[in-house]
Protein chains: 2
Amino acid sequence: MSYNEHMKETISHYPLARNEVTALLKENGITPTRQRLEIAQYLFQKQQHLSAERILESVNALGHHVSRATVYNTMGLFTSKGLVREVLIDRERVFYDSNCQPHHHIYNLDTGELNDVEGSSDINVINISGLPEGCRIVDTEVVIKVSQK
Amino acid sequence: MSYNEHMKETISHYPLARNEVTALLKENGITPTRQRLEIAQYLFQKQQHLSAERILESVNALGHHVSRATVYNTMGLFTSKGLVREVLIDRERVFYDSNCQPHHHIYNLDTGELNDVEGSSDINVINISGLPEGCRIVDTEVVIKVSQK
DNA sequence: TTGGGTGCAAACTATTTGCATTCGA
DNA sequence: TCGAATGCAAATAGTTTGCACCCAA
């Protein structure tokens, strides 16, 4: 179902209806609890990069209640199930990327903003030497750090 | 002066003699104190990836004394002067890369080892779309995560 | 001499953990 | 019902900070 189709089918302020998020979690073998649904609904409303603390604040600001430990548990679970991707850029906090498609990042050192590299860019990571025996590439992370200074 | 030339000129167990390290720091506008010299001498003996704690332990194990705060101060200073490069891979600690030449990394998820991609590999990061106005690329970090699992 | 550098311990902060309570199926 | 999930607070660990003392120039 496309994004536009979602929008036609829901009267929620979220692009994803609750029952759709429920299905998403079930498909991935995750028991859909109230807290996980609230986190997922906030997370997947659009493609974004969020810290655990930010998720905690935002979900709770919407009038629901989720504890800090549950946010960490849930994000760890979502990561292990491949629903989100951890991006380690900032020394002090992990960012969770709600876009799991292979893509790379531009990190603005001045503002701390994390954005995606647009699709038309050319980034090639091929023919790597030095891989340990029997290892396969699990993930490739490309972060381009930019600044005005 | 090449690495081999260094080796001929010193009887130290380090590839870099103390006076050479002193010169390196001065060239970079860093006051060469005893602690900074000890850290630098350990750091630049070879190309390696070290955590702050590891540097602290190793330098002190050699019989010298450097405090934890000084290690952090010094590594922050070396980073800002471009003598080392921070690599953020591990959620719990920063790695300092004693090799500042442009190069990329292979991170072994199973062992936690961080190694360099060999020079013959093809990694191209060019023609990036989506750079903010007036920004220049300060650094490009490519980390290839591998695992046997 | 003197301003930058250092050491120490306490403070800070993101994340994890232990355990009693609650909830989904 | 019952194991899994949650909440809370305390614990953990890397890093930073405040401040008195010291040393390179």
Side-chain angles (χ1 to χ4, degrees), chain A residues 18-19 21-42 49-60 63-81 83-84 86-96 112 114, chain B residues 18-19 21-42 49-60 63-81 83-84 86-96 112 114:
Chain A
R18 179 61 67 113
N19 64 319
V21 182
T22 303
L24 175 67
L25 297 193
K26 282 187 178 171
E27 281 163 25
N28 286 276
I30 297 170
T31 306
T33 66
R34 179 181 64 76
Q35 291 86 339
R36 287 171 180 176
L37 288 168
E38 273 153 15
I39 292 171
Q41 209 165 3
Y42 177 71
H49 308 96
L50 300 167
S51 66
E53 200 62 26
R54 182 74 191 288
I55 294 167
L56 179 66
E57 286 169 11
S58 302
V59 171
N60 286 342
H64 313 299
H65 177 76
V66 178
S67 76
R68 175 169 284 105
T70 297
V71 170
Y72 279 102
N73 281 339
T74 301
M75 295 315 295
L77 180 63
F78 285 2
T79 302
S80 73
K81 296 294 186 177
L83 285 177
V84 297
E86 288 185 351
V87 187
L88 303 183
I89 300 217
D90 188 298
R91 191 199 306 230
E92 14 216 78
R93 82 204 93 239
V94 173
F95 284 101
Y96 296 96
L114 186 62
Chain B
R18 179 60 67 113
N19 65 319
V21 182
T22 304
L24 176 66
L25 297 194
K26 283 186 177 171
E27 281 163 25
N28 285 277
I30 297 170
T31 305
T33 66
R34 180 182 63 78
Q35 290 86 340
R36 289 172 180 175
L37 288 168
E38 273 153 16
I39 292 172
Q41 208 164 4
Y42 178 71
H49 308 96
L50 300 167
S51 65
E53 201 63 27
R54 184 72 190 291
I55 294 167
L56 179 66
E57 285 169 13
S58 302
V59 171
N60 287 341
H64 313 299
H65 177 76
V66 177
S67 77
R68 174 170 285 106
T70 297
V71 169
Y72 279 103
N73 281 339
T74 301
M75 295 316 295
L77 179 65
F78 285 3
T79 302
S80 73
K81 296 294 187 180
L83 284 178
V84 297
E86 287 187 350
V87 187
L88 303 182
I89 301 220
D90 189 297
R91 193 197 305 228
E92 18 214 76
R93 83 204 90 238
V94 174
F95 284 100
Y96 297 96
L114 185 63

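Numbered from 1 within each chain, the chains take letters A, B, ... in sequence-line order.
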From the list [options], which nucleotide is the closest neighbour of the side chain of [X]?
X       : options                : answer
A:Arg68 : D:dG7, C:dT15, C:dT6   : C:dT15
A:His65 : C:dG7, D:dC8, C:dT16   : D:dC8
B:Thr31 : C:dG7, D:dG7, D:dA25   : D:dA25
A:Thr74 : D:dT15, D:dT6, C:dT16  : D:dT6
B:Tyr72 : D:dT16, D:dA5, D:dG7   : D:dT16
A:Ala69 : C:dT17, C:dT15, D:dT15 : C:dT17

What's the [atom1]-[atom2] distance between [X] and [N], to the nearest Å?
X       : N      : atom1 : atom2 : result
B:Arg54 : D:dA13 : CZ    : P     : 19 Å
A:Ile30 : D:dA5  : CD1   : P     : 10 Å
A:Leu37 : D:dT6  : CG    : C1'   : 14 Å
B:Arg93 : D:dT15 : CZ    : C1'   : 12 Å
B:Asn73 : D:dG14 : CG    : C1'   : 15 Å
A:Met75 : D:dA5  : CE    : P     : 16 Å
B:Leu50 : D:dG14 : CG    : P     : 15 Å
B:Ile39 : C:dT6  : CD1   : C1'   : 11 Å

- request: Describe the nucleic acid contact of B:Arg36 in one word from base, sugar-phosphate, nothing, applying a heavy-atom distance below 4.0 Å.
  value: sugar-phosphate

task: Describe the nucleic acid contact of B:Arg91 in one word from base, sugar-phosphate, nothing, applying a heavy-atom distance below 4.0 Å.
output: sugar-phosphate

Side chains of [X] and [Y] in contact at under 4.5 Å (non-hydrogen atoms):
X       : Y       : result
B:Val66 : B:Asn60 : yes
A:Ser80 : A:Leu77 : yes
B:Leu83 : B:Ile30 : yes

message: With a 4.0 Å cutoff (strictly under), does any side-chain N or O of B:Ser67 reach OP1 or OP2 of C:dC8?
response: no

- prompt: Quick one: is C:dG7 close enough that its OP1 or OP2 comes under 4.0 Å of any side-chain N or O from B:Gln35?
  reply: yes

message: Let me spell it out: for each of A:Lys26 and B:Glu92, pick the nucleotide of DNA chain C with the closest heavy atom. Which residue's pick is nearer the 5' end?
response: B:Glu92

query: Between B:Thr33 and B:Ala52, who's closer to the 5' end of DNA chain D by nearest nucleotide?
result: B:Ala52

Contact summary for A:Arg91 and B:Val94, nearest pair of heavy atoms: CG-CG2, 3.8 Å

field: Check against side-chain contact (heavy atoms from CB on, under 4.5 Å), B:Tyr96 and B:Glu86
entry: CA-CA 5 Å; B:Tyr96 297 96; B:Glu86 287 187 350; 3.7 Å; yes

